[in-house]
Structures are given as structure tokens and as C-alpha cells.
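Quick note on labels: first sequence line is chain A, next is B, and so on, each numbered from 1.
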There are 2 protein chains.
Amino acid sequence: MTQEDGAAARPRRVTVVTLSKLAGVAPSTITRALKGDPRISPKTREKISALAKEYGYTPNALARTLSSGRSGLYGIVLGPESNPLYSHILHAAMDEAESIGCRLLMLHIGMEQMDEKTAEALLQYQVDGCLITSAAIGSRAADICRENNVPLVMVNRVAERHGSFVSCDNRAGAGLLAKHLLQTGRRKFAVIRPPQTSSTARDRENGFTEVLADAGIAGVMRLNYASGWDEGYAAGGVLAGMLEGEQPDAVFALSDILAMGVIDGLRAAGIRVPQDIAVVGFDGLPESQRPTYQLTTVEQPIRMMINRAFKLLEARTKDYFLPDEQVSLGGRLLIGKSSQLT
Amino acid sequence: MTQEDGAAARPRRVTVVTLSKLAGVAPSTITRALKGDPRISPKTREKISALAKEYGYTPNALARTLSSGRSGLYGIVLGPESNPLYSHILHAAMDEAESIGCRLLMLHIGMEQMDEKTAEALLQYQVDGCLITSAAIGSRAADICRENNVPLVMVNRVAERHGSFVSCDNRAGAGLLAKHLLQTGRRKFAVIRPPQTSSTARDRENGFTEVLADAGIAGVMRLNYASGWDEGYAAGGVLAGMLEGEQPDAVFALSDILAMGVIDGLRAAGIRVPQDIAVVGFDGLPESQRPTYQLTTVEQPIRMMINRAFKLLEARTKDYFLPDEQVSLGGRLLIGKSSQLT
DNA sequence: CAAATCAATGCAAACGTGTGCGCACTTTCT
DNA sequence: AGAAAGTGCGCACACGTTTGCATTGATTTG
């Protein structure tokens, strides 16, 4: 173990055994004393606490996992970096994890499907549960969790076949946007959507067009673009180049980051937002509220969504056989200058 | 262990012992066969591989850590979400981690110092090393690593007292920007910097002003603003409100996200960029290269920096007593329309 | 043909922690 | 005073994997 072949391993840290020898008690006494077991006398407990502090003892969470079966680790899968939404979700998840005393293992980021090796990490590190926050990917991760009895909660996406999830009420939120646009006099609509239909995208689109249909507006233009700023910008250019009669007077980009691109693309081509075309998005990114955008959008209650998601995970960590649960939280309509002046 | 008090633990997964019984061999044989130990006969190895596949066996990385002493886990500390740079760094780190077969444990994000609980996680989970990528925070994390023999590498920041780091050559990069601005005829300069002086900020500022000083320009205006878009926007407003004689004709914002805010702030106040004022940044964020900004900046070679950082970490995981190592990589000057019109 | 070599595998201890059970010892009750 | 109850703690095994050493049987060598 003490390999002295030039390369030296780092010294192992203080363990219960070390402490037990120092204190002249059994290792089990150390464990119990530090866990606050009432069977240990106050005197002994104090002595041990003092020693632990002095020698900088920290329990080995990995060894604990081995005997207790719970790691205190949650895996997290994020969507692509091209959408800042996931960065905000990560931040919220970190805060939440910290407040409930668990840790996050980053499993995957991006739009590509997880590969075999990444999938294995999910299992190898014995995560207590897995949080999947990507609208587009995640089916693969979900399947793996299922097959291996790892509790799973999805955020910002709806489970296709089974599984718990927490989402914003995308349908209702999109409806609010449609109503707002109708109220402000818009009549010719376009939806900019990603080419692959995720549940999130589908719900938003349907919620939007249904309200329009109820108001007697049927013909809604649909444009397929990937879901980043760049694609939104390109879409804006295309919209700007349309003939007078073709051009919509209101555009619903299915996500804020896309909407921001659309606005910039339109403006770059000389179209005024909101005077010529109103643009609305969905997510409520802080970035979309900058003075340059002031985007009208629906704010997802991210922190609450994450909070609920962890609650679901924790419950399923304790009792694996709880039934799937679906939570839908309402979004808040934020009206900015991208859809109306003052 | 099998608590049947209503809440049911999830079934444990297949282990080496399970497999060993199925295959009729010893557990150690399973381990060796799957690790490709040449002492195991091809016939046995194949049988075991088949069984492992059939029963979906995945080794328990936590148990492995216990006996081998290495967890394959690296802790990562990120800077505040207000700067997209850290999101890109995280992405690069994930890719790199995946390619060398290790995992990332998210330790901390943000600008606040790590609290006690978060610091403990670093130790409890037996990370093999720690990657600190925040310019502002991290001293605390660094100290904890030091005290507990956890190898540590900093990225995008220079170690204050000791420690390995990988950084972009901030001084030289900033010098490139200064030269470019001089060449394009700018003469009156301002630097927008964060109030707390990180090593990164200091180097960039010094590198910039030194080149100016060499060219005989001494009076450089310095404005303190926190390092997000919002603060940059505010700074832009302040610059725009200056008297004709006071106003600089070139502004160096110490980071891209800040520069983006400055540009938007200036434009909102009717100042033309680059005609009236040139704006340059530092980082090379993809966001700063959008058509609306086309920011002149110095691109940090993030992927290479992360690659080197992991190399340093890996080496120190194998031989803990390697001396500290400092790596500085050159940045690439990207000239955009924020400083000159073609 | 006995001895030495080698290949293939098993045994057992170790990593650090958690926990059921039991062992001493003290206190209380009859 | 002897039995019962209670207190404080140790023993030993379990968790799943790794690894040094021992063991077995087959093969080669002298």
C-alpha cells in the first residue's frame, strides 16, 4: 500500500479507527458519539468531539454509503449550454441541494444523447436519485434510471411513458401570451419552434394556438429553427425578408433565448420591435429582461420547481415504491416592451 | 436491514458476489476477469463477461474507492452565473472529464464564499482533486484543499500563496488590445474593472496600462463596477453622460460580459460604438461575437486550459508530492466591429 | 520419475463506517 | 442481599471491491 516507487500517494486522512485509538475507545463509540446517539455518555461524547475537531476528522461519505446504502448524491442532467436557462436551473439546484445537505454529480450536459460511459457513471456512483432537466434529451437517461431502480424526476419536461416530473404549466402560460397579444391588437401570428418536438415545445405551441383558435384565428405560421440565439437571429432575418402581406405582426418564440435572437435579427434587418412585429418568449430568463430586450414572456418558477423536484426525489429515496407524481406550477406573465410600448 | 415499515428501500443492485455465485467462481475472479487481468483464462473471462452483461452488473465505484483509495471524482468550483464564461468552462470540463473517465462533483457556484457545510463535502466525498475556476472566490476552497491534502488546480486565476494554476496570459492579452486601440487611433482610455481586485483583473489592467504608458499615455480613467452585464450597462450610461472633454474614446471592460453591458448601455444613451467610443473586452465568449456586439476581445483558450488543468490534477493524484506547476497560455486577439469599422 | 515451473483460481484481509447484539458494571427494587 | 432493570460501551459482521498470497493441478525440466 505504501508504494515508494517514486510516485507517492497522498496521505490518507484521519478515520474513526485513528480516533478510536487516540480516545481509547472502540470505533463504534466514535460513530455513535458523533451521530449524537443518546447511549453515549456526555463526558465521552465531549472528549470525542474535541478530538475530532483537533484532528480535523471528516467522515468518509463513500464508506458510509457502503453500509447505509444511501450516498447523499444526486445525479443531474442539464440541457445544452446554448440556453442559459439550464445555467439558472443548475444554480437553483445547487442552492437546493445545499439546503437539504446533499451533493450534485454532474452527469451530462448538452444536446447529444448520453453515451454508454456516461450512463454507467449514473450507476457506478450509486446516486440516490437523478434530476433530468433537459427538454430535448434525457429519454436515454430516464430509461437507464428505470432499469436500475434509480428514482428519477424530470424538470421542464414531461415524462413520456412513465416517471415523475415537475413542470411549468406550459399550455396555460402560452395561452396568457396569446391573450395578451390579441388584446394588444395583433392578428397575424407566427410560432418559432425547434424542429424536434419535445413535450415542452408541443404544450407551449398548442396552448398558444388554441387560444388563437378560440378567438377565430386559424392560420398560424410555423417556422422550425433550433433553439439557440443564433437560430433565432436567423429566423428574425427570414421574417424581416417576408413580403408585406406575408409578414406576421406577432411572433411567439418557444423559448426566451430564441426570442432574443429573433428580436436582434429583426432589428438588424430594420424591423421595429414592437411597432412592426411584437415578439414574445417563454422562460423568464433574467437576460431577456435586460433593457435592450424587455421581453414579454412567461416566467417559469424555477426555484420552486427545483424545490418540488427535490422533495419528490427525497421521498422516493426513502420509499422507492411511491407512485409517480406529476406537478405542474403556474408561470407568471411578464409584460415588457417587446410586445407593446408602455 | 430489510425495513418493512411501509417505506421500502430500493432493491440493491447486482454485485460481484452475486455474479460469483452465478458463475461458480470466487469474487476476486470476477474482479480480475472484468479488469482484463491476463491471469484469468479466456474461457472464464468470456463466461463472466456474458453473465455481467446479462445481469446488468456495474461495479460500485464507491466501494472501489474504499479499497483503492481513488474515487475518480473531481470537485469543481464555479464562478457566478452572471458570467457565462463559467458555463462554458463547465461544459469544457465535462467533456474533458468524460474523455479521461472521471466525474465531476459540483462543489460551489457563485460569488459568496463557500460555507462550512459545502467545504465538508469536498472532504467527505474523497475527491481525487479539485478544480477551482473562479477568479473572485476560491481562496477558502483552496485553503481547505491544502489542509487536507487534496490536489488542487486553479483555472482563470492565479494562486495567491501556493498551488498550481492554468491561466490565460492576461497581461499579454490585454497588451494586444491596447496596441490594437492605439493603432486604430484611440487616445483617451478608460478601464472598467471589478471593485475587488482578483489576480486576473489586476494582470489585465496592468498589461493594458503598461502598453499605453510605453506609448506615452499616462492618464487612464478607472471605473469600478461589479462584473455582470447589468453593471456594465450602468457603466455605459455613466460614460455616455460625461462631458465631451472628459469622455474617453476607448473603453476596456475587463471581461466580455461587462463589455457587452457597456456597449448596450452606451448605445441606449445614443453613443455610437465604435464611432464615438470603441469598446473591447476579454474572454472571447461566444455571446460577445454575436452580430449585435462583434466585440473585439482576447479569446481565452478554454478547452486547452481545462485540458492542461486536468493533466496537472491527474499527475498530482498519482504522485501527491509533485511540486506546484504554473501554466500560462496565450490568448488570441479577435478583432470585431466594436473597436473599428472594417 | 521426482522436482521445478507455470497457469488459473481461491482465500482472506483491508478500505471506513454503521448497527444488532451482548457484555460488563452500576443502580434500583423487593 | 439477591434479582431485576438500566447504563455505557465493545465485539463482530456487513456493505462491495481490491489485492497479496496461498493453493491447486497441469506441464515442463533434469
Side-chain angles (χ1 to χ4, degrees), chain A residues 1-3 5 9-48 52 55-72 120 123-126 128 148, chain B residues 1-3 9-48 52 55-73 120 123-126 128 148:
Chain A
M1 196 95 319
T2 47
Q3 72 235 51
D5 57 333
R10 91 175 115 131
R12 296 226 177 203
R13 253 183 262 116
V14 179
T15 75
V16 271
V17 181
T18 327
L19 277 192
S20 72
K21 281 174 188 155
L22 263 68
V25 298
S28 51
T29 305
I30 305 284
T31 306
R32 291 198 247 257
L34 294 177
K35 282 195 76 173
D37 191 310
R39 298 185 311 175
I40 303 299
S41 70
K43 205 183 66 184
T44 314
R45 184 198 321 260
E46 230 164 279
K47 187 169 91 183
I48 291 177
Y55 286 83
Y57 168 76
T58 44
N60 183 329
L62 274 36
R64 180 191 322 216
T65 302
L66 210 51
S67 65
S68 74
R70 288 181 51 176
S71 64
E120 273 186 13
L123 306 175
Q124 294 188 320
Y125 285 92
Q126 312 293 110
D128 287 343
N148 292 278
Chain B
M1 195 95 317
T2 47
Q3 71 236 51
R10 90 176 117 132
R12 296 223 176 205
R13 253 183 262 114
V14 179
T15 76
V16 270
V17 180
T18 328
L19 277 191
S20 73
K21 281 173 188 156
L22 271 101
V25 299
S28 51
T29 305
I30 304 285
T31 306
R32 292 197 247 259
L34 295 177
K35 282 194 77 173
D37 192 309
R39 298 184 311 173
I40 303 299
S41 70
K43 203 183 65 183
T44 314
R45 184 197 323 258
E46 231 163 278
K47 188 169 88 182
I48 291 177
Y55 286 84
Y57 168 76
T58 44
N60 182 328
L62 274 35
R64 189 204 318 258
T65 302
L66 211 51
S67 65
S68 74
R70 288 181 52 177
S71 64
L73 230 42
E120 272 185 14
L123 306 175
Q124 294 187 320
Y125 285 91
Q126 315 292 110
D128 286 344
N148 291 279

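Between Thr29(B) and the phosphate of dT9(C), there is no side-chain N or O to OP1/OP2 separation shorter than 4.0 Å. At the phosphate of dT17(C), OP1 or OP2 sits under 4.0 Å from a side-chain N or O atom of Tyr57(A). For the pair Thr31(A) and dT17(C), the criterion of a side-chain N or O lying under 4.0 Å from OP1 or OP2 is not met. Put simply, Lys35(B) has no side-chain N or O that comes within less than 4.0 Å of OP1 or OP2 on dT17(D).
Distance NZ (Lys21(A)) to P (dG10(D)): 14 Å, rounded to an integer number of Å. Atom-to-atom, CD1 of Ile48(A) to P of dT17(C) comes out at 13 Å; the value is rounded to the nearest Å. Here the C1' atom of nucleotide dT17(D) and the CG atom of Asn60(B) are 8 Å apart, to the nearest Å. Straight-line distance from the NZ atom of Lys43(A) to the P atom of dC9(D): 8 Å, rounded to whole Å. To the nearest angstrom, P of dT17(D) lies 11 Å from CG of Leu62(B). Rounded to whole Å, the distance from CG on Leu34(A) to P on dG16(C) is 16 Å. Between the CZ atom of Arg70(B) and the C1' atom of dT17(D) there is a distance of 16 Å, given to the nearest Å. Following rounding to the nearest Å, Ile40(A) (CD1) and dG18(C) (P) show an atom-to-atom distance of 13 Å.
In this structure, Ser71(A) contributes its side chain and Gln126(A) its backbone to a donor-acceptor pair below 3.5 Å. Side-chain atoms of Arg45(A) come within 3.5 Å of backbone atoms of Ile40(A) as a donor-acceptor pair (strictly under, hydrogens ignored). The main-chain N or O of Arg70(A) is never found under 3.5 Å from a side-chain atom of Asp128(A) such that the two would form a donor-acceptor pair. The main-chain N or O of Val14(B) is never found under 3.5 Å from a side-chain atom of Thr18(B) such that the two would form a donor-acceptor pair. With Arg13(B) contributing its side chain and Asn60(B) its backbone, the two residues share no donor-acceptor pair below 3.5 Å.
Nearest to the side-chain atoms of Ser67(B) among the listed nucleotides dG16(C), dC15(C), dT17(C) stands dC15(C). Comparing dT17(D), dC9(D), dT19(D) by their nearest atom to the side chain of Thr15(B) picks out dT17(D). You'll find that the side chain of Val16(B) is closest to dG16(D), out of dG20(C), dG16(D), dT9(C). When each of dC11(C), dC9(D), dT18(D) is scored by its nearest atom to the side-chain atoms of Arg39(A), the top-ranked nucleotide is dC9(D). Comparing dC11(C), dC15(D), dT17(D) against the side chain of Arg64(B) picks out dT17(D) as the nearest. Of the candidates dG8(D), dT17(D), dC15(C), the closest approach to any side-chain atom of Ser41(A) belongs to dG8(D). With dG16(C), dT17(D), dG10(D) as the choices, the nucleotide that has an atom nearest any side-chain atom of Val17(B) turns out to be dT17(D). Comparing dT19(D), dG20(C), dG16(D) by their closest approach to the side chain of Leu66(A) singles out dG16(D). Taking the side chain of Ala26(B) as heavy atoms from C-beta on, and the options dT17(D), dG10(C), dA8(C), the nearest nucleotide is dG10(C). In the set dG16(D), dC11(C), dT17(C), dT17(C) carries the atom at the smallest distance from any side-chain atom of Ala63(A).
At a cut-off of 3.5 angstrom, the base of dC15(C) holds no donor-acceptor pair with the side chain of Ser68(B). Between the side chain of Ser28(B) and the base of dC11(C) there is at least one donor-acceptor pair of N/O atoms closer than 3.5 Å. Between the base of dG8(D) and the side chain of Arg45(A) there is no donor-acceptor pair shorter than 3.5 Å.
Ser28(B) and Thr31(B) share no donor-acceptor pair across their side chains, judged by distance under 3.5 Å alone.
Residue whose closest nucleotide on DNA chain C sits further toward the 5' end, between Asp37(B) and Val14(A): Asp37(B). Heavy-atom nearest nucleotides on DNA chain C were determined for Pro42(B) and for Gln126(B), and the one closer to the 5' end corresponds to Pro42(B).
Within 4.0 Å (heavy atoms only), Pro27(A) reaches no atom of the nucleic acid at all. Residue Thr65(A) is classed as having no contact, given no heavy-atom separation below 4.0 Å to the nucleic acid.
Look at Lys35(B) and Asp37(B) and you find no salt bridge, because none of the NZ, NE, NH1 or NH2 atoms lies under 4.0 Å from a carboxylate O.
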